[in-house]
Amino acid sequence: SRGLGLSVSHYCASAYFVAAQSAATVPNVYEYDLYSFPAEKTDALRKPRRIGSFNIDVYEYPPPFLLLPRALMVMTPDFLRFRMMWFALNGAVLLIGLLAVSRTLGPVAGRRALLLSPLVLASDFTIHTLQVGNLQAIIFVIAMLAMVLLAQRRYAAGGALLAFATVSKLFPGLLLVYLLVRREWRALA
């Protein structure tokens, strides 16, 4: 990560791991002491706890999002394996999303989108998101897949994906406004 200019002090997957691990034993996954050492002064900077060489980031997502990290922890109870699985999950979801959207665009536009997809994968945003373990890429792709399913009139699956994306991060909720403006009541419901 140092070669990419990324700081190991910010690694989102560490927060997901600690919150998912603590959910069964701690009443509040937002408890400051899970992620940072107690401050000596009230105005002192945060001193994050560590997992190996990674600083533990603070968990700042709604509780329903913990379903995904907790499901991963069943297969990977230690952090390094969790990190690898999280990276693979992010990459796989991103590829699936690119393929699904390009397929939906039709033969000509879809082929162009597919040919341009390596630019998306090689972009700084994508590389940084995969390296840091941020949730943004997965939420973007889930929202894209939800809209593809809604366009195909598969309302239950599309609605479930859009609902999960919206409760995990708020910005996919803007797609609800889009559906409202287009008066797509069934998709909105």
Side-chain angles (χ1 to χ4, degrees), residues 1 4 6-37 46 48-101 103 117 120-121 125-150 154-173 175:
S1 68
L4 293 172
L6 302 174
S7 168
V8 291
S9 66
H10 179 70
Y11 193 73
C12 298
S14 63
Y16 312 150
F17 179 80
V18 170
Q21 190 176 45
S22 303
T25 58
V26 177
N28 182 5
V29 295
Y30 301 102
E31 185 67 41
Y32 185 78
D33 292 339
L34 289 172
Y35 312 100
S36 300
F37 292 107
R46 171 183 177 260
R49 294 186 184 274
R50 297 177 70 84
I51 300 175
S53 63
F54 297 99
N55 290 343
I56 299 174
D57 204 14
V58 178
Y59 180 73
E60 298 174 333
Y61 295 93
F65 168 68
L66 279 177
L67 294 171
L68 186 57
R70 286 191 54 104
L72 271 182
M73 285 192 69
V74 170
M75 297 181 292
T76 58
D78 68 277
F79 177 66
L80 290 179
R81 288 189 182 132
F82 178 87
R83 179 179 182 235
M84 287 187 291
M85 288 296 293
W86 187 257
F87 183 92
L89 177 68
N90 267 288
V93 168
L94 189 57
L95 285 173
I96 290 167
L98 289 170
L99 291 172
V101 169
R103 186 170 179 239
S117 63
V120 173
L121 297 172
F125 169 78
T126 304
I127 291 170
H128 183 266
T129 300
L130 292 173
Q131 178 65 30
V132 178
N134 201 328
L135 177 65
Q136 303 294 57
I138 288 179
I139 295 300
F140 277 123
V141 172
I142 289 174
M144 290 179 350
L145 291 173
M147 296 307 282
V148 165
L149 289 169
L150 291 173
R154 296 172 63 193
Y155 298 114
L161 286 178
L162 189 55
F164 178 77
T166 302
V167 298
S168 296
K169 291 289 249 180
L170 290 178
F171 69 83
L175 295 173

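Just the heavy atoms: all of them, side chains too, but no hydrogens, waters or symmetry mates, feed the values below. The first residue of the sequence shown is numbered 1, and numbering continues consecutively from there.
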Nearest 0.5 angstrom please: [X] [atom1] to [Y] [atom2], how far?
X    : Y    : atom1 : atom2 : answer
L68  : I142 : CG    : CD1   : 7.0 Å
Q131 : N90  : CD    : CG    : 11.5 Å
Y30  : E60  : OH    : CD    : 9.5 Å
Y155 : L162 : OH    : CG    : 13.5 Å
Y32  : F37  : OH    : CZ    : 11.0 Å
I139 : Q136 : CD1   : CD    : 8.0 Å

Beyond-backbone contact of [X] with [Y], side-chain heavy atoms, under 4.5 angstrom:
X    : Y    : answer
L98  : L121 : yes
V141 : I96  : no
R81  : M84  : yes
F79  : Q21  : no
W86  : C12  : no
F17  : D57  : no
V18  : I51  : yes
Y59  : L66  : yes

What pair of heavy atoms forms the shortest contact from [X] to [Y], and how long is it?
X    : Y    : result
A23  : R70  : CB-NH1, 3.3 Å
G158 : A146 : O-CB, 3.3 Å
F82  : L72  : CE1-CB, 3.8 Å
I56  : P48  : O-CB, 3.7 Å
V101 : V148 : CG2-CG2, 4.0 Å

Aromatic plane relationship, F65 with Y61 - under 30° parallel, 30 to 60° tilted, over 60° perpendicular |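 The rings of Y61 and F65 sit tilted, inter-plane angle from 30° to 60°.
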N134 backbone acceptor or donor facing T129 side chain under 3.5 Å |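 Such a contact is absent between T129 side chain and N134 backbone.
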Sidechain-backbone polar pair: S22 side chain, V29 backbone, donor-acceptor under 3.5 Å |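 No; zero donor-acceptor contacts below 3.5 Å.
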Mark yes when over 12 heavy atoms from residues, nucleotides or ligands other than R49 sit less than 6.0 Å from its CZ; otherwise mark no.
->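 Correct, the count exceeds 12.
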